[in-house]
2 protein chains.
Amino acid sequence: MKSNPPAKKPTIREVARVAGVSSSTVSHVLSGKRPISPAVCKRVRRVVDRLGYRAHATAMHLAQRRTGQLGLVVREVQSSVTGALLEHMEAACRGAGYKMLLGIAHDDADLAVAYLGEFASGLADGVLNLVPGISVDRAKATCPGVPVLTYLRPHPDSPVLFDKKAATGLMMEHLWGLGHRRIALLWVPDLAPEQDRDPKELGYRDFYAQRGQEVDERLILRLEDGEDLRPMAEAAVDMGATALFATSDLRAAELLRWAHETGRRVPEDLSVAGFDDAPIAAALVPSLTTVPFPLPDLAEKTVRALVDRIEGRPPRAQELLPPRLLIRQSTGKIPPSPTEKRP
Amino acid sequence: MKSNPPAKKPTIREVARVAGVSSSTVSHVLSGKRPISPAVCKRVRRVVDRLGYRAHATAMHLAQRRTGQLGLVVREVQSSVTGALLEHMEAACRGAGYKMLLGIAHDDADLAVAYLGEFASGLADGVLNLVPGISVDRAKATCPGVPVLTYLRPHPDSPVLFDKKAATGLMMEHLWGLGHRRIALLWVPDLAPEQDRDPKELGYRDFYAQRGQEVDERLILRLEDGEDLRPMAEAAVDMGATALFATSDLRAAELLRWAHETGRRVPEDLSVAGFDDAPIAAALVPSLTTVPFPLPDLAEKTVRALVDRIEGRPPRAQELLPPRLLIRQSTGKIPPSPTEKRP
DNA sequence: CTGAAAGCGCTAACAT
DNA sequence: ATGTTAGCGCTTTCAG
């Protein structure tokens, strides 16, 4: 039952006039940045409420030379990984006392750069580049004079990294420990502009190298982005693979389906492992053994590093998060005689 | 190989001084809002480039009393529907000449309101509420004096709606046409604050009512949010259901899995239908017959309505988008003798 | 404890 | 075609 004035927004001056004080006082009542007598304080608040006054954010930002906002630019928000990451990012921003501005660049690098530049030119106090195709250097060049960080790049500017190579090694060890010797890697290359080799591939090769074993190149199955992985899986099994390690849970899910369709039991006949711990991973039958991607930690530490830079605190050393293993039902002991069933 | 000055951002005045013109001229060179002699124009641009000048967005917004930004508040970005919707929203905003600001409110209504209010107080020219828990009226009350629209609510303020009731009816008709008479509805209630009945339930009941048939209440299977649907599915089949209609593709996917696990062939023994046309729907085996949710259209028209209001154009009439059917492999003719196989 | 005045960086009348 | 002058709505010295 409120009165409904045609909603012209009151300014701080009107509040001041009605309350019979200066606008400076109103400002200080609202910000608490200097002591105000209780009487005046109360009177001002009353007027603020009655008029429905809210400070104009843009004007405040200009005067304070600070927006309290962090600008993030992403390529997409559809994938479950990005979705989850963003929610953690949001939480981290809020936790640090900032609001989050999000730009979605789709596959348009120019649009990404436009968002970065926009954020950097007064909209945000700091900028976070999450677009895989935009390099650390490009992001920095686009945001002169503003703290910019790029998320998760093999570059000193990324405050925290995840050790994907070690993660791959860890999963290999797990499979090896179960008796698997011929482990296939189903691998969709995913290179940041800053690197020339995919750490997952390196981890796989290193694992065998460390054991003095020759890598069977035919077990490294490189997939294109939308490619059907069933022929590859078939080939791997023909080649004697007893375990299939996909570099994402989505791909691993497809493997499970393929296995089911072709009458292979997982993990009795074949082990399948994934990467990421996407939401589906636990829901699949059998549930998927995987390497969880430490999203909350990555988000929190990346944001904190950005905020540290904004607020002038000395940077912490770059962190390399160690991998963990989430062992569920899709991996098991190597079958007794994998290839000698024929007779 | 650029020089790297400690990145203090130049202002328009410095550009003006260096170029030997007034700041007004610089402004107009950049905005093209009044004719400038080629010579001056060129000189100014040179200085702009050399100094790396970029207009301060916040200051511009304040002076122009326009930000060119739309503020959207969502609950989450994890689900494939929200993810896809947001990307369409982003595209729609850009198409209309606005940038998109996104607030993620998680499950915190206060946070949602905080974002709405923040956007409304000068950060955005218009606000879009996509948080299911925030009513049209609450959103309006939170954003006085700023155009606010709430996405997809049964309320005159929502510029475009999707006819879920008709959509349900359409799918029922499809199943009916295949011979199914006992169709079960697996239904997770999803009520907006503005409505008291779920249109999907209404559509189901109306369908039978229009055919003068009594609805068998035992075929309306109401699920809680995370609830396992397998017992329900089992019960429905026991009750003689030959088709299962789930009110989301995710649920339908679970039905497919359950059917597979329990040795029921889809669609030979049982038809399964979904709702949404989520990305997985086409990828499932069998691919899922479903009702596509017209995301691009909804996004585009909602944004356009908001922009119309911002720019003072007269509002168009509310639109009710008609449903379509996407018939794929998961629905088929009723099996010859569904329950009389036992002997 | 409070007020007056000078900006924040830019745009938009209003001159010329 | 260009310059001068007021602001946009707020914060923040600097006085009192």
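Lettering of chains follows the sequences in order, A, B, ..., and the numbering in each one begins at 1.
In this structure, the NE2 atom of A:H61 is 12 Å from the P atom of D:dT12, given to the nearest Å. One can place CE of A:M60 at 17 Å from C1' of C:dG9, the figure rounded to the nearest angstrom. Atom pair A:R66:CZ and D:dT11:C1' shows a separation of 14 Å (rounding to whole Å applied). Between the C1' atom of D:dC8 and the NZ atom of A:K9 lies a distance of 13 Å, rounded to the nearest Å. Whole-Å rounding puts the B:H56 NE2 to C:dT11 C1' distance at 14 Å.
At a cut-off of 3.5 angstrom, the base of D:dG3 holds at least one donor-acceptor pair with the side chain of B:R34.
A heavy-atom distance below 4.0 Å to DNA chain D is reached by none of the residues of residues 14-22 of chain A. Contacts between residues 37-49 of chain A and DNA chain C, counted as heavy-atom distances below 4.0 Å, involve A:S37, A:V40. Taken residue by residue, residues 24-32 of chain A places heavy atoms nearer than 4.0 Å to DNA chain D at A:S24, A:S27, A:H28.
Note on A:R304 versus A:E311: no salt bridge recorded, every NZ/NE/NH1/NH2 to OD/OE distance being 4.0 Å or above.
Geometrically, A:R13 does not engage A:Y53 in a cation-pi contact, judged by NZ or CZ lying under 6.0 Å from the ring centre and within 45° of the ring axis. A:Y115 does not carry A:R75 over the face of its six-membered ring by the limits of under 6.0 Å from the centre and within 45° of the normal.
From A:H155, atom NE2 reaches atom CG of A:L149 across 10.5 Å, with rounding to the nearest 0.5 Å.
Residue A:K33 has a polar side-chain atom (N or O) positioned under 4.0 Å from OP1 or OP2 of D:dT12.
A:L62 comes within contact range of at least one nucleobase, with a heavy-atom separation under 4.0 Å.
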